[in-house]
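As C-alpha cells, the structure follows; a few thoughts come after it.
The analysis underlying the following values was restricted to heavy atoms, covering all of them including side chains, and did not include hydrogens, waters or symmetry mates.
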Amino acid sequence: MTRDFDDDAPRRIQDANDLVHARQRDADERIYVVTTNLVIDAQEKLARRRRLDRIWRTGWAVSWLSLLTAVIGTGIAAFAAGGPARFVLGDLICGGLLLMSLLALVGVHFAGRGLPTLQRIEAQLASAQESLWKQKVRNNPGLDDRRHLYREEVTTAIEQYQADSRKYRRIHNSLQTLIMIGSACTTTIAALDTGKELTWQSVTLTVISFAITVAAMFTGYYKFRERAWAMRPSARCASASLRQLEFAGQRAGMTGCRRTHAGRGRLSEE
C-alpha cells in the first residue's frame, strides 16, 4: 500500500489525545463538584442531627427532673407538712415543664424522621472527605498545591481537636459548677433549718453568706486573676511580634528604595 503524503497522522493523533485529556478533565471536574456537594450536604446533615440530638437530650433531662421533683416534693409535703396540697404550686410548675419537654421531644422526633443516625452521617462525611482528598491528589499536584492540601488537612484536624477540647472542658466546668453550687446550697439549707423563727436579718445574712461562698469557690477554682496575668504577657508578645513585623517591612522597603536609587545612579553614570 502506497503512503499518502497528504495524511497528517501525528496531528490527528495529537488531536485525539487532546480530546481524550479534555474529556478526562471535564469528568474529573464533574466528579470533584459532586464530591464537594456531598461533603457540604453531609456537614449540614451532621450539624442538624447534632442540634436535634442536643434538644432531645435536654428534653429528656427536663422531663425526668420535673417528674422526680414533683414526686419528691409531693411526698415531702404529704409526710412533713400534713398534706400534698402544700406543694400544689410546685406540681403545677413541674407539670408545665414536663408538658413543654414532651412537646419538644415530639417535635424533635418528627423533625428528624428523614435524617439518618449520627453514626451513619459521620461515616458518610468521612467517606465523602476521603473521596474528595483522593480526587485532589489524583492529578499529581505541584508543590504549592500539595502544601495547600496539607494545610487543609491539618486545619481540619486542628479544628476537630479544638472542638473536642471545648466539649470536654464545657462538661467538666458544668459538673464542677454543679458540685460547688450544690455544696453551698446544702450548707445554706442546713443553716436555715435551725428551728428558730426566720427574720429578714437572718435571711439576708444567709443569702450574703451563700453568695460569698459561691464567689470564693468560683474564684479559687477558675483562677481568674491568674488567667489575667497569663494573658497580659501573651498580649505583650503579640504586640512585640507585630512591631517587629512592621519594622521588618519598613526596613525591607527602605532597602528596596536604596537599591533602586543605587541602580538609577549607576545607570545615570553609564
Side-chain angles (χ1 to χ4, degrees), residues 39 42-73 90 93-94 96-98 100-105 107-109 111-112 115-126 129 151-193 206-238 241:
V39 171
Q43 289 176 349
E44 292 177 353
K45 287 183 179 179
L46 181 61
R48 186 181 178 188
R49 170 52 65 186
R50 285 177 175 174
R51 183 168 60 251
L52 292 177
D53 290 347
R54 195 180 302 114
I55 297 174
W56 180 270
R57 290 192 298 268
T58 304
W60 270 112
V62 172
S63 61
W64 278 107
L65 287 176
S66 302
L67 183 60
L68 290 176
T69 303
V71 172
I72 294 173
I93 295 174
C94 293
L97 291 176
L98 180 61
M100 292 173 59
S101 60
L102 292 177
L103 291 176
L105 291 176
V108 169
H109 174 72
L115 288 176
T117 60
L118 181 62
Q119 292 78 11
R120 183 179 294 274
I121 297 177
E122 289 179 348
Q124 292 176 357
L125 178 59
Q129 288 178 344
R151 292 193 198 98
E152 288 183 355
E153 190 71 15
V154 172
T155 302
T156 303
I158 290 173
E159 289 177 355
Q160 182 65 34
Y161 288 140
Q162 289 178 349
D164 293 340
S165 175
R166 287 193 297 269
K167 181 182 71 174
Y168 293 124
R169 186 174 66 250
R170 183 169 59 250
I171 293 173
H172 173 74
N173 291 338
S174 300
L175 294 177
Q176 188 66 31
T177 301
L178 179 62
I179 292 172
M180 292 187 294
I181 294 178
S183 61
C185 288
T186 55
T187 306
T188 303
I189 294 173
L192 291 174
D193 190 17
T206 305
V207 171
I208 293 175
S209 301
F210 174 77
I212 293 174
T213 303
V214 172
M217 288 180 177
F218 275 78
T219 304
Y221 180 76
Y222 291 106
K223 300 185 183 301
F224 298 106
R225 182 173 179 271
E226 287 77 5
R227 293 185 181 184
W229 282 104
M231 289 179 181
R232 185 176 298 175
S234 301
R236 291 176 180 173
C237 292
S241 300

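Closest heavy-atom contact between Val108 and Trp56: CG1-CE3, 3.8 Å.
Between the side chain of Ser165 and the main chain of Tyr161, no donor-acceptor pair closer than 3.5 Å is present. Of the possible donor and acceptor atoms, one in the side chain of Arg49 sits under 3.5 Å from a partner among the backbone N and O of Gly112.
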Name the atoms and distances for all side-chain donor-acceptor pairs under 3.5 Å in residues 57-64, with sequence neighbours left out.
{"unit_1": "Thr58", "atom_1": "OG1", "unit_2": "Arg54", "atom_2": "O", "d": "2.8"}
{"unit_1": "Ser63", "atom_1": "OG", "unit_2": "Gly59", "atom_2": "O", "d": "3.1"}
{"unit_1": "Ser63", "atom_1": "OG", "unit_2": "Trp60", "atom_2": "O", "d": "2.7"}

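Within the model, atoms CG of Leu115 and CZ of Arg120 stand 12.5 Å from one another, a figure rounded to the nearest 0.5 Å. Note that CG of Leu98 is 13.5 Å distant from CD1 of Ile93, once rounded to the nearest 0.5 Å. In this structure, CG on Asp164 lies 11.5 Å from CZ on Arg169, to the nearest 0.5 angstrom. Ile121 contributes atom CD1, which lies 9.5 Å from atom CD of Gln119 (distance to the nearest 0.5 angstrom). Note that the CZ atom of Arg50 and the CD1 atom of Ile55 stand 14.5 Å from one another [nearest 0.5 Å].
For residues 212-225, the pairs satisfying side chain to side chain donor-acceptor pair (under 3.5 Å) are His172-Tyr221, Thr177-Tyr222, with sequence neighbours left out.
The side-chain heavy atoms of Leu125 and Gln43, taken from C-beta on, include a pair separated by under 4.5 Å.
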Please step through side chain to side chain contact (heavy atoms under 4.5 Å, CB included) for the pair Met100 and Ser66, ending with a clear verdict. CA-CA 11 Å; Met100 292 173 59; Ser66 302; over 6 Å; no
Passes side chain to side chain contact (heavy atoms under 4.5 Å, CB included), Ser209 versus Ile212? Steps please. CA-CA 5 Å; Ser209 301; Ile212 293 174; 5.8 Å; no
Run the side chain to side chain contact (heavy atoms under 4.5 Å, CB included) check on Glu122 and Leu46 step by step: do they pass? CA-CA 7 Å; Glu122 289 179 348; Leu46 181 61; 3.7 Å; yes
